[in-house]
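Beneath this line is the structure, given in structure tokens, with notes to follow.
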Amino acid sequence: MSTALNVVPTGGALGAQIADIDLTQPLLPDQVGQVRTALLDYGVVFFRNQRISEPDQVRFTSYFGQPVEHVRKQRERPVPEIFIISNLKEDGEPIGALGHGEVSFHSDLSYLRQPGTLSVLYAVEIPQEGGQTQWCNCTAAYADLDSDIKEQIKDLRAVHRHYVEEQNPPEMIHHPVVRTHPETGRKSLYVGPHLTKHIVGMKSGESAELLALLYAHLEQPRFIWTHEWQVGDLVLWDNRPTMHRRLPFPAHQRRLMKRTQIFNDEIPF
Ligand code: OGA
Ligand code: MN
């Protein structure tokens with residue numbers, strides 16, 4: 001049986017909603033194919049009004065690759081593939097990552113040699129103000145660069161490193177500044193202020209200047225789409241052609257998200 005999914009583009013820089021589907025139920029292979037196609041077309045897809053369990057989220061994630069335990073240690077959880085993103089504390093200890101401040105643009109886990117490919121975030125509690133997530137269409141941003149800049153950056157590589165030193169692998173990790181999506185063949189910019197440190201082989205002033213120019217280009221509103229979270233939203237995104245950032249929210253308001261992650265053993269090229 002084949003059921004056409006209801007894919008509604010946001011009309012913004014990227015993203016589409018997939019409506020009328022209940023993720024507590026397994027998806028048919030044909031539906032999985034349609035979600036995958038929408039993800040390749042729009043970079044980000046989201047589902048609203050979901051009331052899923054942790055195993056439901058892991059099952060959904062597994063349609064697109066192998067969900068893995070997050071590389072960062074968190075307190076023991078019944079479903080180890082679920083990672084908590086939250087500012088909440090229990091017994092004075094944060095129950096999750098990222099706190100309440102701004103998290104600037106990044107592609108997940110780019111400080112690893114084989115970064116995360118797809119990520120899933122499910123909203124359990126959201127603050128009244130702030131805490132939106134914004135995605136940048138890095139494919140559109142690359143396409144829109146002047147040809148002399150495209151020429152200048154075409155073979156450059158950049159070092160990516162987590163600001164918490166223990167998170168990093170022992171070796172220096174660098175990736176192409178312009179990466180090619182393995183499935184669509186499209187090129188996109190692959191640098192962001194949160195995790196990219198410098199351009200390999202450039203003097204530090206020169207590297208900082210080029211990165212600042214690329215970040216200013218990426219951060220133009222026309223490449224950015226803002227997700228206004230509602231409780232029950234599940235967002236699936238492709239980290240290869242997009243970056244995302246989280247806007248700050250008041251420290252005393254509650255935000256609780258559940259996150260799953262797919263790796264797929266890809267080295268950016
Ligand atoms: C993430 C992330 C942002 C957010 O889970 O990778 O960057 O809005 N989250 O919580
Ligand atoms: Mn992230």
Side-chain angles (χ1 to χ4, degrees), residues 14-15 39 43-48 50 54 57-58 60-61 64-65 67-74 77 79 81-88 94-112 114-138 160-164 167-168 173 175 188 190-196 215 218-219 224-251 253-264 268:
L14 48 56
L39 186 62
V44 178
V45 297
F46 63 99
F47 304 82
R48 293 214 122 135
Q50 302 298 320
E54 294 187 353
Q57 182 169 344
V58 173
F60 173 79
T61 307
F64 307 99
V68 287
E69 266 185 65
H70 199 276
V71 285
R72 294 162 69 167
K73 276 273 158 273
Q74 269 188 350
R77 300 190 47 74
V79 178
E81 295 89 347
I82 300 278
F83 184 74
I84 303 292
I85 305 284
S86 185
N87 63 323
L88 301 179
I95 63 164
L98 301 187
H100 69 275
E102 174 172 340
V103 181
S104 58
F105 271 119
H106 63 281
S107 176
D108 283 337
L109 304 164
S110 69
Y111 52 92
L112 301 179
Q114 298 174 319
T117 47
L118 310 183
S119 304
V120 175
L121 203 53
Y122 175 60
V124 181
E125 292 187 69
I126 53 161
Q128 274 149 337
E129 307 141 65
Q132 297 90 340
T133 310
Q134 298 187 312
W135 276 267
C136 174
N137 184 335
C138 300
H160 292 242
R161 206 157 175 83
H162 200 278
Y163 55 94
V164 179
Q167 304 271 332
N168 292 296
I173 300 301
H175 296 302
S188 54
Y190 193 59
V191 287
H194 190 52
L195 298 172
T196 306
Y215 298 160
L218 284 165
E219 292 180 10
I224 293 173
W225 173 71
T226 302
H227 187 60
E228 299 283 349
W229 289 98
Q230 296 175 9
V231 169
D233 283 354
L234 181 137
V235 180
L236 163 67
W237 72 91
D238 188 341
N239 284 290
R240 297 165 292 186
T242 69
M243 285 195 304
H244 55 283
R245 73 176 161 205
R246 202 272 312 276
L247 301 184
F249 60 97
Q253 293 190 12
R254 297 172 62 91
R255 190 175 190 267
L256 174 60
M257 321 289 273
K258 293 184 177 177
R259 164 67 205 265
T260 40
Q261 177 68 52
I262 291 173
F263 278 93
N264 290 347

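Every number for a ligand or one of its atoms is a count from 1 in the order of the listing.
Protein atoms that are N, O or S and lie under 2.8 Å from the Mn ion (ligand 2) are these: H106 NE2, D108 OD1, H244 NE2.
Checking H106 against N239 by side-chain atom types alone, no donor-acceptor pair falls below 3.5 Å. Side-chain atoms of Q57 and T260 include a donor-acceptor pair closer than 3.5 Å.
When all heavy atoms of I85 and L121 are compared, the pair lying nearest together is CG1-CD1, 4.0 Å. Minimum heavy-atom separation, S110 to H175: O-NE2, 2.9 Å. Summarising the geometry of R245 relative to I224, their closest heavy-atom pair is NH2-CD1, 3.9 Å, with the distance given to 0.1 Å. The heavy-atom pair separating H162 from N168 by the smallest distance is N-OD1, 2.8 Å. A pairwise comparison of heavy atoms in Y190 and P268 identifies CE2-CG, 4.1 Å as the closest pair.
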What are the polar N/O contacts of ligand 1 with the protein below 3.5 Å, with distances?
residue	atom	partner	partner atom	Å
ligand 1	5 (O)	R259	NH1	2.7
ligand 1	6 (O)	D108	OD1	2.9
ligand 1	6 (O)	D108	OD2	3.2
ligand 1	6 (O)	H244	NE2	3.4
ligand 1	6 (O)	R259	NH1	2.5
ligand 1	7 (O)	H106	NE2	3.2
ligand 1	7 (O)	H244	NE2	3.1
ligand 1	8 (O)	T133	OG1	2.5
ligand 1	8 (O)	R255	NH2	2.7
ligand 1	10 (O)	R255	NH1	2.8
ligand 1	10 (O)	R255	NH2	3.4

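Expressed to the nearest 0.5 Å, how far CZ of F46 lies from CH2 of W135 amounts to 9.5 Å.
The shortest side-chain heavy-atom distance between H100 and P127 does not fall under the 4.5 Å cut-off.
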